[in-house]
Structures are given as structure tokens and as C-alpha cells.
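Here the structure comes first, spelled out in C-alpha cells, and everything after it is commentary.
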Amino acid sequence: MVDLSVNIGGGLTLKNPIMTASGTYGYGEEFADFIDLSRLGGIIVKGTTLQPRQGNPYPRMVETPSGMLNAVGLQNKGVDYFVKHIYPRICDIDTALVVNVSGADVSDYVGVCERLSDFDKIAAVEINISCPNVKQGGMSWGTTTAGAAAVTEACRKAWNRTMIVKLTPNVTDVTQIARAAQDAGADAVSLVNTFLGMAIDVERRRPYLSTITGGLSGAAIRPIAVRMVWQVAQAVTIPVIGLGGIMNGRDVVEFLLAGAKAVQIGTANFIDPQVTIKAIDYLHDYMARRSLNTLSELTMLS
Amino acid sequence: MKQQMDFDVKDSLQLGGNYGLLKLRPIAQEMPLIEPGQFAQVEVPNCKTTYLRRPISINYADKHELWLLVRRAGAGTNALCDLRAGAKLNLVLPLGSGFSTQVSGRVLLMGGGVGIAPLLMLGQRLLANKTDVTFLLGARTANEVLQLDLFRQMGETHVATDDGTLGHHGLVTTHPVLAEHFDHVACCGPMPMMRAVTAIAKERSINCEMSLENTMACGVGACLCCVEDTSDEGNVCVCTQGPVFNINRLKW
């Protein structure tokens, strides 16, 4: 009998290790026509900030080889709108509801965590110190150990349920940032957010994105993400949640073998809105065929 | 309800040198109800360089059949136009909100190039609703005036070509029929055309709807990539609040 449940830290057990990545799945309800959302291990909703944000000007997206660049810039209606209007619609979905939290200053992150803490169906927050598309805050917190520690420590005081810290790959040594987050009180780390990239329209001789640079996601980044997850899994003792270019169930297994306890599927949802369910089914079959009963038995062979 | 559906390519026609018309038949699922102006996110098979689906307007749909009119704009749309009868195609549909279909008075449907695609179905629906409809189709040259026969069968149809090879010689926005009285305009075409039509409609206080084609990733309102800056709500998703917008909402 295959049991896909997994503990991702802070006492939070997911029914299976497959979650959806923030910024790619809206609030979950956008996909309700396509799948039974209650089958997901978790839904990580769009990055939420203290104040509403309009995000960056259009154009915000360009397709690239096996991937895409985006520069959305954390467009969202703010935490108050979220708790009043969106939370009531999604809080009864039988899955772990995780809110991705972003901000410019430490006080912004803390403010969002405090506002969310009254809503008990939020299972966890994911502290986003890795958004490459905002001028202030975002990734700048996640590129130094001091910055990562400062945000993590402050949010820890404001949030007593599971706290995941989402890391940027745009650093020299991601293991140092992961350790800083762990030491400052993170229950888990998730990686990778997008890689900073750029694409130029050679006909128009202009960058495709209004912001010139943007975040690269999709299958193109998967091998780099797998390598980083593998490095971090050996460097920290807290659970690692892997993401970056997962396109199917086979890729989920790859991240789990690299040391991730759970995964997030992002860009692939744009290509196949049912990819999450197919990946859960694949993982179940993969385990059953090998007579593996729990995810702790799913490890890389030496 | 939005769904993911597999289709058979029943017929694949090359039109005007630069366009393809795919006639699709659902394989297993029942065709959902489709409103004029809605679109599908179309998988691109057999293409090494594309990654995402392509948002394509629905040209025609009934219970058994769905047509996609595709302009060869790049590798993805080329691969779609090159599909042959017998191929399989996966679509996510129906997406977005379409044109108003309950409109009164004299209505003008204006299409430029491949922008005529959603107007075929809109014309059919408006005629079924006993609306007084006039069509104005524009293209660069005569053989790129797409589906002209089908529009002519529906009613009064005017044509403009940039090179004068058919109908009025000049941009569709300079066609003399525009001097006549219209109560409502529905428009889809290249950006400069839609901006020019918006200016005309605003000046003459004509109620007017535009179908936008901002670059999209998800098509379901999740990624927030395709936004248009609106006067009432700021950045909104073209894939869910559009692709059809009343010009009152646009900051053009």
C-alpha cells in the first residue's frame, strides 16, 4: 500500500508531495474546472503583499527555448483583499493552503504574516525572498545571508505555523542562504525561484520585456534546479521543497531523488492544466511498481 | 465550463498564402457551448522551438465541429498551419469572454487580416438574433481577404485592401462605409487598426468592442502575463476579463 503523505516541517503533513508553485496557479480556483483541487498536496497562492500592487507594465512574458521569461512583478490586490474576498472562496478546499508572502521591507513581510495569522485554514506561509521582478525587496533579501536571516527571523516571530522560505538561484552559493534561513527559524526551504534572464527581439532591436530582464522558468532550468536542490538537501536538516521546470511525474521523482521532500509544479500548468494530477498518479504507480511504501524509501541508489 | 479536449484534424486548408484553416472534430468529449469571441489555448505538436500553447480565436463552432483560422506568425503557428487531416490536436477551451451578442440598432463588424476570425461566428449569432449587421473586412491584398464568401452569404459586406486589389483602395479605417451611421462596432485586427477604430468610435460616441491579442502564457487568469491597463481596474487579464473589451475600459 503506497502512502504518499509527507511532513514538510512545522508539523504540516501533506497528503502527497505535489504542490503548485506560487504565481503560476492563481488562487487555485482558476484550475477548478480541470482538476479536483482536493487531490493536490498543497496550493501555494499568488505572492501577497501588504499593499495592492499593479505589477510591471505589459509586456511581461516572452517564450524562450523550453521555457519562458516573466516580469509580472507581484501584481496582487494586497493582503486585506485576499483575506476578505479570496480566502473565503478557497479556504474549504481540502488541501494545504499556503500563502506566498512578499514585501519591500521586513515590516511588510511581518505585516502580511500578522494579518494572515488570524485565518486558521492557512496551513503555511512561503516567505518569498526571491522575486527577481521587483525594484525593492524581493530577491534582494535572498541574495545575502544577512538579508535572508533578517526576513526569516522577523517573520518567525509573527507566524507560528509552518514557515517555508523560498530561495533564489541567483546567488553564488545557495547552500549558505539556505543555512541562514534554517538558522533563523525556517521550517523548510523551497527552491528554485526563477533565474534572472533576458531576451531581445532582434527585428525590433528592443528587449521583449518592459522591465528588460525577467525570471526564467520552465523545463530549460530543470537540471540547474535539480543540482541546487541536491546541494541544499545535503546542507540543511530541514525539509527541502524542490521546484524548477517540472513537466511531469518523472520529473517529480527526479527532484525527490535529489533530496526534496516535496515539490512544486509551476509553468507546466500553463501547458497542461491537469499535469499535477497526472504527476500524482505517476508517482503512485512508480512507487507501487517498485514496492516502495513510503516516500522515505524513495532515495537515490549509490 | 473550461475543459481540455482532444480533437481530430478533419481538414486543413491553406488560405491566402499565409494562413491556415483547421477544421477539427472532438474525439471523445462533447463540445462545450462557445460564445463568439472566445478562444482556445492550442497545443503545438511537432515543433522543436515552442514551449507554450498558442491562444487562437474560435472562428466557428457547432456541436460537431470547431474551426481555427491561423496566421503564420512564427514557428508555432507555422506548425499548426502545417498540420494535415488525420493529425490530433489538444485544446483548452472555451476561454475568455466574448463579444456582446444582444445589441440593438445598426451594427458594424470590422476585421483586419486574421482578425476577421471571431467575426464569422459573431455575425452568425447576431443574425440569428435578428440584428442589422454590416461587415467591413480589411487586408493587405485581395487573396488575404479571408472567408469573404462566408461573410457575403451573411449580409452586406465591404472590403478594403491596402494595395487596392479588391474593394476600397486603402486602410480599412478609411473605407467610405464608415461615414454611415452605426450604433455599435465590434472589431478585431492589428493594433494600429484597433487604435484607429477606437479613436473613430470615441469621437462619434459609438458603442464599441475590441478583441485584444496580448501575449499569453496560461490563458486562465493564473499567471497575470497578458494584462491590459484599464481605466477602471488597472492591469487586468486579457485571457479572462477579455479578450473582448468595451473601449470605455481601454486607455487608448
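Protein chains get the first letters and strands the later ones, always in sequence-line order, with residue 1 at the start of each. As the structure is a computational prediction, the values presented were derived from the model and not from experiment.
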Close side-chain approach of A:Val99 to A:Val79, heavy-atom, < 4.5 Å: no

A:Gly142 backbone acceptor or donor facing A:Ser130 side chain under 3.5 Å: no

Shortest non-hydrogen contact between A:Ala225 and A:Leu243, atoms and distance: CB-O, 3.5 Å

Nearest-0.5 Å distance that lies between atom CD1 in A:Ile280 and atom CG in A:Leu40: 5.5 Å

Residue selection (most heavy-atom pairs with chain B, distance under 4.5 Å) from A:Pro59, A:Pro273, A:Gly55: A:Pro273

Largest heavy-atom contact set with chain A, pairs under 4.5 Å, which of B:Ala222, B:Cys226, B:Gly234: B:Ala222

A:Ser38 side chain vs A:Thr95 backbone, donor-acceptor pair below 3.5 Å: no

Flag if over 12 foreign heavy atoms under 6.0 Å of CD1, B:Ile27: yes

Polar pairs (donor with acceptor) under 3.5 Å from chain A to chain B:
{"unit_1": "A:Asp33", "atom_1": "OD2", "unit_2": "B:Lys2", "atom_2": "N", "d": "2.8"}
{"unit_1": "A:Gln54", "atom_1": "O", "unit_2": "B:Asn235", "atom_2": "ND2", "d": "2.7"}
{"unit_1": "A:Gln54", "atom_1": "OE1", "unit_2": "B:Asn235", "atom_2": "N", "d": "2.7"}
{"unit_1": "A:Tyr58", "atom_1": "OH", "unit_2": "B:Thr215", "atom_2": "N", "d": "2.7"}
{"unit_1": "A:Tyr58", "atom_1": "OH", "unit_2": "B:Thr215", "atom_2": "OG1", "d": "3.2"}
{"unit_1": "A:Arg60", "atom_1": "NH1", "unit_2": "B:Leu224", "atom_2": "O", "d": "2.7"}
{"unit_1": "A:Glu63", "atom_1": "OE1", "unit_2": "B:Arg54", "atom_2": "NH2", "d": "2.6"}
{"unit_1": "A:Glu63", "atom_1": "OE2", "unit_2": "B:Tyr51", "atom_2": "N", "d": "2.7"}
{"unit_1": "A:Glu63", "atom_1": "OE2", "unit_2": "B:Leu52", "atom_2": "N", "d": "2.7"}
{"unit_1": "A:Glu63", "atom_1": "OE2", "unit_2": "B:Arg54", "atom_2": "NH1", "d": "3.1"}
{"unit_1": "A:Gln75", "atom_1": "NE2", "unit_2": "B:Asn235", "atom_2": "O", "d": "2.9"}
{"unit_1": "A:Ala219", "atom_1": "N", "unit_2": "B:Tyr51", "atom_2": "OH", "d": "2.9"}
{"unit_1": "A:Ile271", "atom_1": "O", "unit_2": "B:Arg53", "atom_2": "NE", "d": "2.6"}
{"unit_1": "A:Ile271", "atom_1": "O", "unit_2": "B:Arg53", "atom_2": "NH2", "d": "2.9"}
{"unit_1": "A:Asp272", "atom_1": "OD1", "unit_2": "B:Gln4", "atom_2": "NE2", "d": "3.0"}
{"unit_1": "A:Gln274", "atom_1": "OE1", "unit_2": "B:Gln4", "atom_2": "NE2", "d": "2.6"}

Under 4.5 Å from any heavy atom of chain B - which part of A:Ala219: both

Lys/Arg-Asp/Glu bridge criterion (N-O < 4.0 Å) met for A:Asp281, A:Arg39: yes

Contacting moiety of B:Val92, where chain A heavy atoms sit under 4.5 Å: side chain

Shortest non-hydrogen contact between B:Pro26 and B:Phe7, atoms and distance: N-CD2, 3.4 Å

